[in-house]
Amino acid sequence: MLAPDGRLFCNAAGNYIDASAYGITWRRAREAALALDEHAIELAKRPYDLRHAGISFWLASGVDPAECARRAGQSIQVLFRYYAKFPLKRGIMRTG
């Protein structure tokens, strides 16, 4: 159920989920959404994993690193140190 303000997760009353219950809520959502083999490899084990995957996807798709850094609120140095986990070929970057 979506919250009235558009949040993906909310409690039964439609309010914010307490920080102490967020991990339980995320675990239940993963169990409901993922196949057993995806769940077993710990795909998106933490909500933060989605940020990492999104940033890596942008880079792999050819989005300019400066734009990726802007979207992520990071410096380019941090972007490549923590998020770029694949080799980038020179000359194939494009904005997206």
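Surrounding CG of L50 are more than 12 heavy atoms belonging to other residues, nucleotides or ligands, all under 6.0 Å away.
With rounding to the nearest 0.5 angstrom, the CZ atom of R46 is 12.0 Å from the CZ atom of R51. In this structure, CZ in R70 is found 12.5 Å from CG in L79, a value given to the nearest 0.5 Å. With values rounded to the nearest 0.5 angstrom, L59 atom CG is found 11.0 Å from E67 atom CD. To the nearest 0.5 Å, atom NE2 of residue H52 and atom OH of residue Y82 are 12.0 Å apart.
Across all their heavy atoms, I55 and A72 have their closest contact at CD1-CB, 3.6 Å.
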inquiry  = Is there a side-chain contact (heavy atoms from CB on, under 4.5 Å) between R71 and V63? Walk through the geometry before answering.
reply    = CA-CA 11 Å; R71 291 179 187 177; V63 176; 4.2 Å; yes
request  = Show the numbers, then the answer: is there a side-chain contact (heavy atoms from CB on, under 4.5 Å) between W58 and D64?
outcome  = CA-CA 8 Å; W58 294 335; D64 181 67; over 6 Å; no
Residues 19-27 side chain polar contacts: donor-acceptor under 3.5 Å, at least two apart:
from: T25; atom 1: OG1; to: A21; atom 2: O; distance (Å): 3.0
from: W26; atom 1: NE1; to: A44; atom 2: O; distance (Å): 2.9
from: W26; atom 1: NE1; to: K45; atom 2: O; distance (Å): 3.2

